[in-house]
Q: 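Below is one structure. I have some questions about it.
The structure presented is a predicted model; accordingly, all values stated were derived computationally and were not measured. Below, chains carry the letters A, B, ... as their sequence lines are ordered, and counting in each starts from 1.
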Amino acid sequence: MILVDITDSVLDPLIALGHCCADSHGAADLFIGRVRNLNEGRPVTAVSYDLHPVLCRNIFEKISQEALEQWGEHIHVFLAHRQGRLDVGEASVIAAVSSPHRAHSFEACRYLVEQMKVRAPIWKQEHYVDGDSEWIKGHVLRNPA
Amino acid sequence: MILVDITDSVLDPLIALGHCCADSHGAADLFIGRVRNLNEGRPVTAVSYDLHPVLCRNIFEKISQEALEQWGEHIHVFLAHRQGRLDVGEASVIAAVSSPHRAHSFEACRYLVEQMKVRAPIWKQEHYVDGDSEWIKGHVLRNPA
Amino acid sequence: MTRQIPIRLFGAFRQGRTDSTLTVEVAPNASVAELRKAMHEVLETDNARSLLKASAFATDSEVLDDADAVPEREISILPPVCGG
Amino acid sequence: MTRQIPIRLFGAFRQGRTDSTLTVEVAPNASVAELRKAMHEVLETDNARSLLKASAFATDSEVLDDADAVPEREISILPPVCGG
């Protein structure tokens, strides 16, 4: 079971854990990415997330589907990213996986996060204490080999 | 920062995520272990957890301290286990870690769970649909080398 | 006869622009590589041209390779990504 | 002169018992290995004796090695564990 989302609203970990849950699942792993107050030594006050919503949702679904292929059709997968301007401490992304055994939950959740980082069309602009702001250099997007 | 707990009450993931949180932490990983409806092919209705509360708390603190030594004094660590009789779907354990970067959160959270499994004085008695119940065979406790 | 291709801009391509699309002109059967060349010509700054080199063209459903033909659907230019 | 050592029972050691401690007698300077032997003598079933082989003695703060002296503090017998 796959649930992906792109949203302007606050991300709720309980929705992720509610989806990643089944009577036969003994283990759920959940990851939250939050806006940090510091990047490469520079104090950050907020981050604006720019997304390509339709493509991003498609890629989230692809990544989730790959997780099911790799760790089993029975696992539950959740992947959601927020867009817009977020303050320090706010959650920008939540990934979660539940499965019968813990190794699969940990590995698949990590997979979602790592793939999202390099494949999802998401950009961030950091806002600094001094009023300046900057688009962060990222990973060149390529089709998976 | 370390928070460990042994409790008779329902485990709350929001308490774990509230503890595993800091302005400088961009990543939190949380693990939930839940009672499964099946173990080695046998339908389970509930599990009773027997703990040595004082020693268990000491060992949780030791394991948490080791995580700080390995991944940095600045990480936040949460480890809580429930005792008593739990129905299928209820959370028996929650582990969580936050840190500036995601690799450390994932690795340290996994460490807590794996160490808890082999070192914490916790026993489980499974209750089956047919009314029978059985203490689960586990890992022989040894002092870490 | 040429095609007008509106390209949706994201991330750093929006820096200092009010518009979120940029329109370029290509031959009817142009490849993505030719679209890239045409976009290169109309970009105003060295920064933008250097960003273009590290960027990928995409439709709403997939990232395109340089050898692909420019599809009829909506095209976006995606600078290097950093979600999460 | 011997010492009476009450041993707290956990997990499968509680199976079919009303009591959660078992008291055994050892020499004043007994080691944990000797405590294990004394407990072996008083256990009633093969199952319990076989479980004892895979179990560890502990205080409230640490797991004991067989070579350790039996401490003055409270002693528990811990069968193989399986938390989570």
Q: Drop me the distance from Cys82(D)'s SG to Lys137(B)'s NZ, to the nearest 0.5 angstrom.
A: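 Between atom SG of Cys82(D) and atom NZ of Lys137(B) there are 10.0 Å.
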Q: Is Ala54(D) in contact with chain B via its backbone, its side chain, both, or neither, using a 4.5 Å heavy-atom distance?
A: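 For Ala54(D), backbone and side chain are both near chain B.
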Q: State whether the number of non-hydrogen atoms from other residues, nucleotides or ligands found under 6.0 Å of Asp130(B) atom CG is greater than 12.
A: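 Atom CG in Asp130(B) is crowded, with more than 12 foreign heavy atoms closer than 6.0 Å.
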Q: Under 3.5 Å, is there a donor-acceptor pair between the side chain of Asn58(B) and the main chain of Glu62(D)?
A: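 Not confirmed, Asn58(B) side chain does not pair with Glu62(D) backbone.
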Q: Shortest non-hydrogen contact from Gly84(D) to Ser92(B)?
A: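 Heavy-atom minimum between the residues: C-OG, 3.2 Å.
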Q: Does atom CD of Gln4(D) have more than 12 heavy-atom neighbours from other groups under 6.0 Å away?
A: yes
Q: Between Val113(B) and chain D, with a heavy-atom cut-off of 4.5 Å, which part of the residue counts as in contact: side chain, backbone, both or neither?
A: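 The answer is neither part of Val113(B).
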Q: For Leu51(D), which atoms come within 4.5 Å of any heavy atom of chain B: side chain, backbone, both, or neither?
A: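 Contact with chain B: none, neither part.
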Q: Under 4.5 Å from any heavy atom of chain B, what part of Ser76(D) do you find: side chain, backbone, both or neither?
A: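 Contact with chain B involves the side chain of Ser76(D) alone.
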Q: Top residue by heavy-atom pair count (under 4.5 Å) with chain D, among Lys117(B), His52(B), Lys124(B), Arg34(B)?
A: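 Top count of heavy-atom pairs under 4.5 Å with chain D: His52(B).
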Q: Find the distance between SG (Cys56(B)) and CG (Leu78(D)) and round it off to the nearest 0.5 Å.
A: 10.5 Å
Q: Using non-hydrogen atoms and a 4.5 Å limit, figure out which bit of Val93(B) sits close to chain D: side chain, backbone, both or neither.
A: side chain
Q: Quick one, Arg14(D) and Asp50(B) - any side-chain contact, counting heavy atoms below 4.5 Å?
A: yes
Q: Taking the side chain as everything from C-beta on, heavy atoms only, tell me whether Thr59(D) gets closer than 4.5 Å to Leu55(B).
A: no
Q: Which one of Asp65(D), Val63(D), Leu64(D) has the most heavy-atom pairs closer than 4.5 Å to chain B?
A: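 Most heavy-atom pairs within the cutoff with chain B belong to Val63(D).
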Q: Any side-chain heavy atom of Phe10(D) within less than 4.5 Å of one from Pro121(B)?
A: no
Q: Measure distances from Leu51(B) to the heavy atoms of chain D and classify the residue's part below 4.5 Å as side chain, backbone, both or neither.
A: backbone
